[in-house]
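Worksheet: the structure to be examined is printed underneath.
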Amino acid sequence: MAAAVSKQRYAGIPSNYIFILYIRAIKRPKNQFGILAEASTVLMEITIKRPDDWHVHLRDGIMLAAVLPHTARQFARAVIMPNLTPPITTADMAADYRWRILQILPDEVAERGFQPLMTCYLTDETKPADVEQGYLDGVFTAVKLYPANATTNSALGVTDIAGRAMVFEIMQELGMPLLMHGEVTDPDIDIFDREAVFIERVLAPLRLDFPDLKIVLEHATTKDAIDFVRSNRENTAATITAHHLFINRTDIFEGGINPHRYCLPIAKRENHRQALRQAVASGDACFFLGTDTAPHTMGTKETACGCAGIFTAPVALELYAQVFDEEGALDKMEAFTSLNGPAFYGLEPNETTVTLIKESWTAPDRIGIDDGQSVLSFMAGESLDWQLKE
Ligand code: NCD
Ligand code: ZN
């Protein structure tokens, strides 16, 4: 069927946001009133600088091979989390890990380029000189702080954060970002309060002690986090995941317990989810994209004591687009996905672009791993509004 296509620009909408009006004249016999039937479809598309993902778990080995194409399909750069077993604690380990990632990139992505940005897993033993050397050698982009036992593979994390002052000192001098898993581990603190208490007990004092240290509060989940980052925006930023924009704590228990909606920090009350959506939709420079896509096999999720982590890589960018659309803020999307992150890290935005179209599709279900196991994608089998034009 022939379709007449006209591209129209609408006042007040930047030139990269294009509404394409498809007008289809459908030839039908005249009805009893002698009127010709006509139908039209409005299709929307946006083109933005290619985004980066500032918080990704790629794992290693066959899991890495299975999940990497999904992140590399969408993003130009990704900050790679170091919580492997054993964790990436030295520049040599990080360089080897980076090589393993680059080596198995799909050909079409390798041609376009995908850059893994490596992080150093901070422990009680980390030496400031090693962090400095790794950064100056171009291996480490940032340091990741896990309070010991706060989350998946964090047993070797930091037990005494104040005791790491010498490392923070050198990072402050270098302009090297400190990425924080912002939750206290005190078992007496309710799991839903752990981020807010971390901000009060750990982040706020650290902010005062190291005023020039670049700090990213990773995967922010509370209004408390949004407010803190906003009022310390000069050197403080937060990444916000796609899943925390979609689910609140009630959704974890919708119709029964949903292990695939369990992650850390755990999803909070609805008012917090709304605060996150407002932060994202503001386009403010202190908030940027970090999916925290965290694959675990079905077997380790659907068990008596399931792992924390939500695998969003196959649908991440599409979900963010849906949020911006729903919030009436598509014009702010590029800032959040593609500009604010590089600016905070002191990098240039990507030169290439991606285009998303508003056309519904069904999110993939399971992603197979080479050993026959699989990982379930967030939103598996559900209809999504936006898709990335390949
Ligand atoms: C992450 C993982 O599985 O590595 N899990 C998660 O729930 N987000 C670790 C982390 O970022 O906390
Ligand atoms: Zn993470």
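Order of appearance sets the numbers: ligands from 1, and atoms from 1 within every ligand. What you see below is based on every heavy atom in this structure, not just the backbone, and it leaves out hydrogens, waters and symmetry mates. Counting from 1, the numbers follow the sequence of the chain as shown.
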Dump the intermediate steps for ring-ring contact (aromatic ring centres under 6.0 Å, His included) on Tyr345 and Trp54, then the final yes or no. CA-CA 10 Å; Tyr345 276 75; Trp54 300 95; 4.4 Å; yes
Ring centres of Phe336 and Phe287 under 6.0 Å apart? no
Which of these, Glu218, His219, Lys144, sits in a side-chain hydrogen bond (donor to acceptor under 3.5 Å, both in side chains) with His181?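 Filter result, single survivor: His219.
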Any chance you could lay out the salt bridge (Lys or Arg N to Asp or Glu O under 4.0 Å) test for Lys127 and Glu132, step after step, and finish with the verdict? CA-CA 9 Å; Lys127 306 233 175 347; Glu132 180 178 21; over 6 Å; no
From Thr291, Ile226, Thr221, Leu289, residue fulfilling side chain to side chain contact (heavy atoms under 4.5 Å, CB included) relative to Ile240: Ile226
Among Leu179, Val216, Asp53, the one residue meeting side chain to side chain contact (heavy atoms under 4.5 Å, CB included) with Val79: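 For Val79, the side chain to side chain contact (heavy atoms under 4.5 Å, CB included) test succeeds with only one of Leu179, Val216, Asp53, which is Leu179.
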Is the charged tip of Arg249 near the ring of Phe192: under 6.0 Å from the six-membered ring centre and within 45° of its axis? yes
At distances under 2.8 Å, what protein N, O or S atoms surround the Zn ion (ligand 2)?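 Near the Zn ion (ligand 2), below 2.8 Å, one finds His55 NE2, His57 NE2, Asp292 OD1.
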Under the side-chain contact (heavy atoms from CB on, under 4.5 Å) rule, what do Val67 and Leu58 come out as? Steps first, then yes or no, please. CA-CA 7 Å; Val67 302; Leu58 287 181; 4.3 Å; yes
Using 30° and 60° as the class boundaries, would you call the ring planes of Phe210 and Phe168 parallel, tilted or perpendicular?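 Correct class here is perpendicular.
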Protein residues that have a heavy atom under 4.0 Å from any atom of ligand 1, sorted by chain and number: His55, His57, Arg59, Asn83, Thr151, Thr152, His181, His219, Cys263, Leu264, Asp292, Ala294, His296, Ala308, Gly309
